[in-house]
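Down below is the structure, laid out as structure tokens.
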Amino acid sequence: MINLEEDFLENRVRLRFAPSPTGPLHIGGARSALFNYLYAKKMQGDFILRIEDTDLERSSRNSEESIKDALIWLGIDWNEGIDKGGIYGPYRQTERIEVYNKYVQELLAKGFAYKCYCSEDEIAAERTILEEKHEMPIYQGKCRNITNEQEKFLIAEGRKPVIRFRTPIGQKIIINDAVRGIVTFESDGVGDFIIVKSDGIPVYNFAVVIDDITMKITHVVRGEEHLANTPRQILIYEALAANKPIFAHISLILGTDRTKMSKRHGSTSVVNYQNDGYLPEALINFLALLGWSPDGEQEFFNLEELIAQFSLERVAKNPAVFDKDKLNYINAKYIKELSVEKLTELAIPYLVKAGYLTEAQALAEKVWLMKMISAIQNRLVCVKDVVEEASLFFKMGKIENEEAQEILSERTVPLVLTSLIKKLEAVATWPEPLEIKKMIKNITKELGLGGKQVFMPIRIALTGKMSGPEMHDFIYVIGLEEVKKRLNI
RNA sequence: GGCCCGUUGGUCAAGUGGUCUAAGACACCGCCCUUUCACGGCGGCUACAGGGGUUCAAAUCCCCUACGGGUCACCA
């Protein structure tokens with residue numbers, strides 16, 4: 001009898017993102033998660049979030065939470081895994097120790113693995129000697145064929161064993177990578193690697209494989225830094241006679257100095273961008289284009305469009321430098337397309353934090369805030385910029401520089417300013433921005449002055465600055481009383 | 001250092017033997033719009049790492065060199 005559900009799953013594409021919770025979600029991790037997600041969705045498969053926390057020292061629940069938060073913020077949602085559950089759980093490696101144990105015993109029983117009683121110091125000494133001889137620093141296999149007698153003796157000494165994989169000698173290990181093609185390694189360069197630490201916790205290279213086998217992962221998309229680990233993992237798949245997934249090693253994201261992006265390159269975690277007021281859609285769009293290119297000339301994509309167009313074949317082999325200018329460009333574009341209401345909502349926390357108003361005031365002045373945001377919307381690269389751009393609306397700025405001071409000292413300035421006030425006071429209802437624009441134009445005509453002689457003094461007298469939002473928008477937003485106050489009239 | 005991966009303009013990149021005197025985007029520069037700045041529009045600059053092959057034909061295939069990166073843990 002055919003088990004329908006089982007059969008269905010056999011043919012289902014399943015991908016996972018498996019971060020270790022040792023810090024916030026890194027920009028490179030976000031891209032890995034995205035590519036996995038896009039491919040899984042494109043193939044109408046599953047996207048699983050698994051936590052690789054076998055490094056007890058560095059893992060923390062806080063990090064796990066922050067990674068999940070970042071993924072949710074980005075809109076990369078998983079349908080199986082941590083918090084969501086699923087039939088292949090648990091999804092945290094420290095909760096799967098028994099699962100690993102079962103396979104360790106199998107490997108041990110079949111002779112694919114053995115216990116090694118060498119101490120860390122002994123291994124380190126061995127490595128130093130090998131390095132001095134310019135040979136590969138791999139384990140020399142001292143415990144490979146240990147006798148029971150010797151083993152008893154070692155245990156009596158109080159030694160705690162690690163478990164090593166017995167790597168075959170003189171074998172070629174071939175990876176057929178979906179982005180890199182055929183990559184070949186020699187087993188002799190791998191050596192007998194540790195699969196279980198002396199504390200009984202399996203090591204990453206072993207745990208991933210067992211998880212990927214038992215969770216029926218079909219495609220492993222991950223950073224290129226894992227390529228060198230893959231031969232070890234393949235050896236384990238083969239020892240266990242398990243089906244290998246399709247591997248796809250995507251290139252790294254580099255800093256401007258062309259080394260792997262790290263903290264010294266500036267913001268590397270997703271939450272930094274979130275805090276600066278980058279939009280998740282913009283970050284996704286940017287990340288997708290870093291190492292992947294669409295078939296056509298489209299530059300802006302939402303998640304659905306990315307899912308529809310994504311393919312592993314179009315993932316680039318070469319590493320990509322993180323180009324903040326381009327991110328800024330994309331983000332600014334997304335900000336311009338935001339509704340004023342939505343942007344205002346996003347901006348309020350920044351305005352409150354800057355001390356311009358209280359939350360209660362923000363709520364009460366929502367309409368006014370929207371007018372203000374509308375005046376500065378296309379000057380923003382990220383939402384954080386409102387702090388700078390909006391400041392003029394709340395308080396008069398200092399006269400920016402000497403040039404500004406000189407412009408303000410022109411003989412015609414008082415005429416211009418009184419003329420402006422007169423016009424603003426002459427109308428019964430507060431004029432719309434375009435009317436204000438006309439008024440200012442008329443001042444130039446009436447006084448026979450150049451545009452600059454009119455515009456700049458008004459701007460500087462009202463804001464202290466030589467540049468900023470459109471003057472008519474600005475006047476419209478701050479209102480007559482504030483204009484008079486700033487002009488000391 | 002060994003092993004592995006990579007190398008098209010400052011950056012992201014298209015290009016899978018002829019359609020390449022090499023697309024597009026960011027950045028930069030210039031012009032227009034705007035009585036400033038910004039936004040927007042238009043235009044410009046700049047690239048197949050080098051050397052050997054293979055082929056009628058190479059950015060595209062092969063080899064070597066150079067350069068860059070990754071990895072060599074009881075980290076993931």
Side-chain angles (χ1 to χ4, degrees), chain A residues 18-22 52-55 57-59 93 116 118-120 123-124 127 130-131 134-138 160-164 175 177 179-181 183-186 188-191 193-205 207-208 222-231 249 251-252 254 256-260 286 289-299 313-314 316-330 332 336 376-380 389 407 437 440-441 443-444 449-456 458-460 465-471:
Chain A
S20 7
T22 56
E52 311 216 321
D53 57 350
T54 53
D55 184 351
E57 301 273 307
R58 298 194 304 148
S59 297
Q93 288 188 328
C116 167
C118 296
S119 71
E120 288 189 61
I123 299 294
R127 183 166 25 243
L130 286 168
E131 275 167 2
H134 295 289
E135 282 175 33
M136 262 192 265
I138 56 172
K160 286 237 176 182
V162 298
I163 297 172
R164 287 183 185 271
I175 303 167
D177 191 279
V179 349
R180 262 147 234 288
V183 182
T184 310
F185 289 86
E186 299 291 336
D188 295 356
V190 172
F193 54 95
I194 292 171
I195 58 175
V196 179
K197 299 182 245 181
S198 57
D199 61 4
I201 307 248
V203 107
Y204 160 78
N205 271 314
V208 238
R222 64 189 3 172
E224 195 190 350
E225 72 266 31
H226 290 287
L227 185 57
N229 281 322
T230 310
H249 288 93
S251 60
L252 268 10
L254 272 25
T256 38
D257 63 352
R258 305 206 70 95
T259 62
K260 189 173 168 181
F286 171 71
L289 260 16
L290 213 54
W292 171 81
S293 63
D295 203 354
E297 302 239 302
Q298 191 176 343
E299 311 173 55
E313 291 76 57
R314 296 191 66 84
K317 290 180 172 63
N318 54 312
V321 172
F322 186 89
D323 183 5
K324 191 149 187 194
D325 281 331
K326 187 142 189 181
L327 204 214
N328 285 343
Y329 164 79
I330 291 174
K336 285 182 194 102
I376 60 175
Q377 182 165 18
N378 64 18
R379 299 179 61 82
L380 304 176
E389 293 293 333
I407 291 171
K437 190 175 182 181
I440 300 175
K441 263 197 164 158
I443 296 173
T444 64
L449 295 170
K452 202 165 187 172
Q453 288 174 287
V454 172
F455 239 81
M456 287 310 270
I458 294 176
R459 177 180 291 284
I460 295 165
K465 298 251 189 300
M466 304 268 290
S467 69
E470 298 277 8
M471 259 305 94

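Small disclaimer: the values here were computed from a predicted structure and weren't measured.
- Base pairing analysis places B/C20 opposite nothing; no Watson-Crick or G-U wobble pair with both distances below 3.5 Å involves it.
- Among the heavy atoms of the strands, none lies under 4.0 Å from A/Phe322.
- With rounding to whole Å, A/Asp53 atom CG is found 10 Å from B/A76 atom P.
- For the C1' atoms, the distance linking B/G18 with B/C61 amounts to 15 Å, nearest Å.
- Annotation: side chain of A/Pro469 is in contact with side chain of A/Ile376 (closest heavy-atom distance under 4.5 Å).
- Nucleic acid contact for A/Arg314: sugar-phosphate only, since backbone atoms but no base atoms lie under 4.0 Å from a heavy atom of the residue.
- Atom name P, nucleotides B/U16 and B/A59: the rounded distance is 13 Å, in whole Å.
- Relative to the side chain of A/Val183, the nucleotides B/A13, B/C4, B/A76 differ in distance, and B/C4 lies closest.
- Considering only residues two or more places apart in sequence or on other chains, A/Tyr329 meets the ring-ring contact (aromatic ring centres under 6.0 Å, His included) condition with none of them.
- A/Asn378 meets the side-chain hydrogen bond (donor to acceptor under 3.5 Å, both in side chains) test with no other residue; sequence neighbours excluded.
- Distance CD/A/Glu120 to CZ/A/Arg127: 9.5 Å, rounded to 0.5 Å.
- Backbone-only engagement by A/Thr184 is indicated by non-hydrogen atom pairs under 4.0 Å involving sugar-phosphate atoms exclusively.
- The separation of B/U54 from B/C67, taken at their P atoms, amounts to 28 Å, rounded to a whole angstrom.
- In this structure, CG of A/Asp55 is placed 5 Å from C1' of B/C75, rounded to the nearest angstrom.
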**Message:** Strictly under 4.0 angstrom, non-hydrogen atoms only: write out the protein contact profile of nucleotides 62-74 of chain B, one letter per nucleotide from the 5' end, B, S or -.
**Reply:** -------SSS-SB

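- Close to B/C75, at under 4.0 Å from its OP1 or OP2, lies no side-chain N or O of A/Thr54.
- For the side chain to side chain contact (heavy atoms under 4.5 Å, CB included) test, residues two or more places apart in sequence or in another chain that qualify with A/Asp325 are A/Asp323.
- Residue A/Ser293 has no polar side-chain atom (N or O) positioned under 4.0 Å from OP1 or OP2 of B/A13.
- Within the 4.0 angstrom heavy-atom criterion, no nucleotide atom of any strand lies near A/Gly223.
- For the pair A/Phe286 CZ and B/U11 P, the computed distance is 14 Å after rounding to whole Å.
- Base pairing analysis places B/G1 opposite B/C72; the two distances defining the Watson-Crick or G-U wobble pair are each below 3.5 Å.
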Exercise answer: donor-acceptor pairs, residues 224-231 of chain A side-chain atoms, under 3.5 Å, sequence neighbours excluded:
residue, atom, partner, partner atom, Å
A/His226, ND1, A/Tyr204, OH, 3.0
A/Asn229, OD1, A/Asn205, ND2, 3.4
A/Thr230, OG1, A/Arg222, NH1, 3.2
A/Thr230, OG1, A/His226, O, 3.0
A/Thr230, OG1, A/Leu227, O, 3.2
A/Thr230, OG1, A/His249, NE2, 3.2

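- Look at the C1' atom in both B/G40 and B/C33: the space between them is 8 Å, to the nearest Å.
- One interatomic measurement links the two molecules: CZ of A/Phe193 to C1' of B/C3, which rounds to 16 Å at whole-angstrom precision.
- With sequence neighbours left out, A/Gln377 forms a side-chain hydrogen bond (donor to acceptor under 3.5 Å, both in side chains) with no residue at all.
- By the 4.5 Å heavy-atom criterion applied to side chains, A/Ser59 and A/Thr54 are not counted as neighbours.
- The separation of B/C4 from B/A22, taken at their C1' atoms, amounts to 31 Å, rounded to a whole angstrom.
- A/Gln93 CD to A/Ile201 CD1: the interatomic distance, rounded to the nearest 0.5 Å, is 10.0 Å.
- Closest-nucleotide positions on RNA chain B for A/Gly468 and A/Ser20 were compared, and the one nearer the 5' end corresponds to A/Gly468.
- At most 12 non-hydrogen atoms from other residues, nucleotides or ligands lie less than 6.0 angstrom from CD of A/Glu57.
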**Request:** Please test A/Ser251 against A/Asn318 for side chain to side chain contact (heavy atoms under 4.5 Å, CB included), starting from the C-alpha separation and ending with a verdict.
**Result:** CA-CA 6 Å; A/Ser251 60; A/Asn318 54 312; 5.8 Å; no

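- With rounding to whole Å, A/Ile330 atom CD1 is found 18 Å from B/U11 atom P.
- Residue contacts shown for A/Pro19 are absent, as no nucleic acid heavy atom lies under 4.0 Å away.
- B/A14 atom C1' lies 12 Å from atom CG of A/Asn318, rounded to whole Å.
- A search for side-chain hydrogen bond (donor to acceptor under 3.5 Å, both in side chains) contacts involving A/Arg58 returns A/Asp55, not counting sequence neighbours.
- A/Arg180 contributes atom CZ, which lies 10.5 Å from atom CD1 of A/Ile175 (distance to the nearest 0.5 angstrom).
- The separation between A/Asp188 atom CG and B/G2 atom P is 17 Å, rounded to whole Å.
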Nucleotides 58-61 of chain B: which of its N/O atoms have a protein N/O under 3.5 Å away?
none

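- Between A/Asn205 and A/Arg180, the residue anchored nearer the 5' end of RNA chain B, judged by the nucleotide with its closest heavy atom, is A/Arg180.
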**Request:** Would you give a per-nucleotide map of nucleotides 46-51 of chain B, 5' to 3', where B means the base has a protein non-hydrogen atom under 4.0 Å away, S means only the sugar-phosphate does, and - means neither?
**Result:** ------

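- The same atom, C1', is picked in B/G30 and in B/G15; the two are 30 Å apart, to the nearest Å.
- Across all strands shown, nothing is found opposite B/A58 as a Watson-Crick or G-U wobble partner with both distances under 3.5 Å.
- Taken to the nearest 0.5 Å, the CG atom of A/Leu252 stands 11.0 Å off from the CG atom of A/Leu290.
- Separation of the P atoms belonging to B/G50 and B/C42 is 34 Å when rounded to the nearest angstrom.
- Using Watson-Crick or G-U wobble geometry with both donor-acceptor distances under 3.5 Å, B/C67 finds its partner in B/G6.
- In this entry B/C42 has B/G30 as its Watson-Crick or G-U wobble partner, both defining distances falling under 3.5 Å.
- Remark: C1' of B/C4 and NZ of A/Lys317 are 14 Å apart, rounded to the nearest angstrom.
- Considering only residues two or more places apart in sequence or on other chains, A/Arg164 meets the side-chain hydrogen bond (donor to acceptor under 3.5 Å, both in side chains) condition with none of them.
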**Complete:** Per-nucleotide protein contact along nucleotides 22-34 of chain B, 5' to 3', at a 4.0 Å heavy-atom cut-off (B base, S sugar-phosphate only, - neither), is -BSBBS-------

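- Atom NZ of A/Lys452 is surrounded by 12 or fewer heavy atoms from other residues, nucleotides or ligands within 6.0 Å.
- Every residue two or more places apart in sequence or in another chain that forms a salt bridge (Lys or Arg N to Asp or Glu O under 4.0 Å) with A/Arg379 is listed here: A/Glu389.
- B/G68 and B/U8: their C1' atoms are spaced 15 Å apart (whole Å).
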